[in-house]
Amino acid sequence: MGSTSAHNNEGLGRRDLIKRSAALGLIAVPTMSFLSACASGDSGGDEKVDKGKKTEKNPLGVNEKAGMEAVIFDGGFGTKYVQDAIKDYEASYGKVKFKATQDIQPLLQPRMVGGNPPDLVDNSGAKQMDAATLIAKDQLAELTPLLDAASFDDPAKKVRDILVPGTIEMGQYGDEKVWRLNYAFTTFGVWYSKKLLADNEWEYPKTWDEMLALCKKAKAKGIAGWTYAGKHPYYIPFTLYPFIAKIGGWDVMKAIDNLEPNAWKHDAVKKAFEAYYELAAKGYVLKGTPGLDHIQSQTQWTKGKALFIPNGSWVENEAAPTTPKDFGMTMAPPSSLDSSDKMPFETIWAQAGEPFIVPKQGKNTEGGMELLRIMLSKKHAQNFATLVKSLTCVAGATEGMDLPPGLASSSDALDAAGQNVVNPRLPDWYQTLHKESVGGALAELMAGRMKPDEAIKKIQDAADKTAKDDAVKKYKHA
């Protein structure tokens with residue numbers, strides 16, 4: 001397993017490790033070879049460090065000489081924004097052991113089970129750990145001390161007072177306690193090249209009939225209407241979920257989140273699925289898309305092979321290596337179905353994303369929270385926007401900045417939406433259901449291998465199974 005995952009498991013018998021793994025709900029019962037690897041290594045250094053003295057500059061009481069460890073997801077945002085904040089942390093406190101990885105779950109699950117997690121984790125990406133399970137098994141530190149600490153720039157304001165509305169709620173799971181801090185403020189929508197549309201004298205379609213008509217015109221010119229991350233089909237809901245909310249109202253998505261009986265059988269869901277199926281049936285999806293991952297699909301899109309791609313606002317940074325300078329990257333709300341929609345065209349899905357967690361059994365939890373406090377300063381919020389072309393959860397941090405086109409369009413879309421912002425919770429409340437069941441059915445639907453009614457039934461059955469599973473903690477919208 002390697003030193004990072006095997007550390008601190010000496011003396012933990014194989015049977016004990018099986019019990020702990022099952023009790024935490026983090027992994028399936030492992031093989032003997034896995035247990036042997038994870039049970040090896042030394043057991044030193046697993047005690048909590050002493051707390052430091054709380055001062056105006058050190059409101060969390062970080063031990064100024066103790067080391068700290070951070071494991072950061074290396075995805076669309078990269079890791080430099082965290083490494084820059086670490087430099088400021090180390091100027092006042094101990095050395096930070098830093099690791100960047102895309103394999104959060106494989107790397108850290110054994111360490112969570114073994115009681116030797118890092119102090120701060122960017123729990124993101126396709127291989128993230130299931131936060132709901134971690135919370136249910138008491139593996140995370142509650143973040144009220146951070147939220148009630150003085151903000152880095154203004155001691156008169158608490159950290160909670162400088163956050164964009166909705167940020168704290170994204171870290172809550174059924175009560176007032178906050179278990180994670182979502183650092184990036186992400187807008188989800190349909191992304192396109194302003195230049196490609198302008199060169200062909202096309203306008204972004206505001207209704208589904210207009211969408212189909214435009215895709216037909218594009219197909220005649222050898223351009224696909226849509227592509228998406230076929231290997232990660234849970235990207236499709238970035239536009240499908242708000243589309244459902246537009247058609248039937250926000251209560252439809254809330255019922256889906258709440259696992260209410262027959263929620264997926266609502267007429268709005270059927271209409272949305274039929275609309276997306278039509279893209280596949282009429283040949284408006286780029287050939288080969290089901291076999292593409294997120295990078296490959298974005299590359300085909302930036303090459304002008306497809307007009308539209310469902311994505312989040314991190315795409316501007318993630319796709320930067322293949323994006324032409326005059327591309328004019330732009331985000332728009334999903335097209336409306338028609339004039340009967342319950343919510344206006346401007347409705348979008350936007351929320352705080354990129355979840356940071358502080359493992360409860362970390363040696364220096366105060367240090368983990370302090371690094372987050374530094375990251376929430378205006379300096380580092382602006383650094384994040386500059387580096388990765390995305391907003392943070394720090395309110396007003398980008399005022400006066402010259403924003404790149406994609407980020408500017410995201411900001412404009414958010415302003416235009418006003419109160420018509422939806423925030424589906426299925427992805428973080430029931431991660432397996434969202435990624436595997438919903439994503440799996442949508443993959444078949446968009447590949448033309450499954451009809452809308454079949455996909456809906458498959459998802460509803462999976463949702464019902466989840467609702468009846470007593471081992472899965474349930475959550476409800478307030």
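The analysis underlying the following values was restricted to heavy atoms, covering all of them including side chains, and did not include hydrogens, waters or symmetry mates.
- The closest side-chain heavy-atom distance from M170 to N423 is below 4.5 Å.
- Residue pairs meeting the ring-ring contact (aromatic ring centres under 6.0 Å, His included) criterion with at least one member in residues 372-424, sequence neighbours excluded, are F77-F384, Y81-F384, Y183-F384.
- A perpendicular orientation is assigned to the rings of W314 and Y235, their planes being inclined by more than 60° (bins at 30° and 60°).
- Listed for the E69 side chain is no donor-acceptor partner under 3.5 Å among the backbone atoms of D119.
- Contacts of E274 classified as salt bridge (charged side-chain N to carboxylate O under 4.0 Å, His left out), with partners at least two apart in sequence or in another chain: none.
- Residues meeting the side-chain hydrogen bond (donor to acceptor under 3.5 Å, both in side chains) test with Q300, sequence neighbours left out: none.
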Distance-only criterion, 3.5 Å: show the donor-acceptor pairs between side-chain atoms of residues 319-331 and protein atoms not counting sequence neighbours.
residue: T322; atom: OG1; partner: T302; partner atom: OG1; Å: 2.8
residue: T322; atom: OG1; partner: A319; partner atom: O; Å: 3.3
residue: T323; atom: OG1; partner: A319; partner atom: O; Å: 2.6
residue: T330; atom: OG1; partner: G328; partner atom: O; Å: 2.8

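- Contacts classified as salt bridge (Lys or Arg N to Asp or Glu O under 4.0 Å) and involving residues 422-433 (residues at least two apart or in different chains) are given here: R180-D428, R425-D428.
- Among F238, Y241, W429, the one residue that satisfies the ring pair (Phe, Tyr, Trp, His ring centres under 6.0 Å) test with H434 is Y241.
- Checked against salt bridge (charged side-chain N to carboxylate O under 4.0 Å, His left out), K473 has no partners two or more places apart in sequence or in another chain.
- Legend: residues meeting salt bridge (charged side-chain N to carboxylate O under 4.0 Å, His left out) with E354, ordered by chain and number and at least two apart, are absent.
- When the shell of 6.0 Å around NZ of K206 is examined, it contains 12 or fewer heavy atoms from other residues, nucleotides or ligands.
- Using the six-membered ring where Trp is involved, W349 and F188 have ring planes that are tilted, between 30° and 60° apart.
- Contacts of W250 classified as ring-ring contact (aromatic ring centres under 6.0 Å, His included), with partners at least two apart in sequence or in another chain: H477.
- For residues 390-409, there are no side chain to side chain donor-acceptor pair (under 3.5 Å) pairs, not counting sequence neighbours.
- A donor-acceptor contact shorter than 3.5 Å links the side chain of N123 to the backbone of M129.
- Using a distance-only test at 3.5 Å, with no hydrogens or angles considered, no donor-acceptor pair links the side chain of N383 to the main chain of K379.
- When Y204, W226, W301, W202 are each tested for a ring pair (Phe, Tyr, Trp, His ring centres under 6.0 Å) with Y192, only one passes: Y204.
- Residues meeting the side-chain hydrogen bond (donor to acceptor under 3.5 Å, both in side chains) test with E366, sequence neighbours left out: none.
- Considering only residues two or more places apart in sequence or on other chains, D161 meets the side-chain hydrogen bond (donor to acceptor under 3.5 Å, both in side chains) condition with none of them.
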query = Checking side chain to side chain donor-acceptor pair (under 3.5 Å) for the pair D338/S340: CA distance, chi angles, key distance, verdict?
reply = CA-CA 5 Å; D338 53 41; S340 68; 2.4 Å; yes
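- With sequence neighbours left out, the side-chain hydrogen bond (donor to acceptor under 3.5 Å, both in side chains) criterion links T187 to S410.
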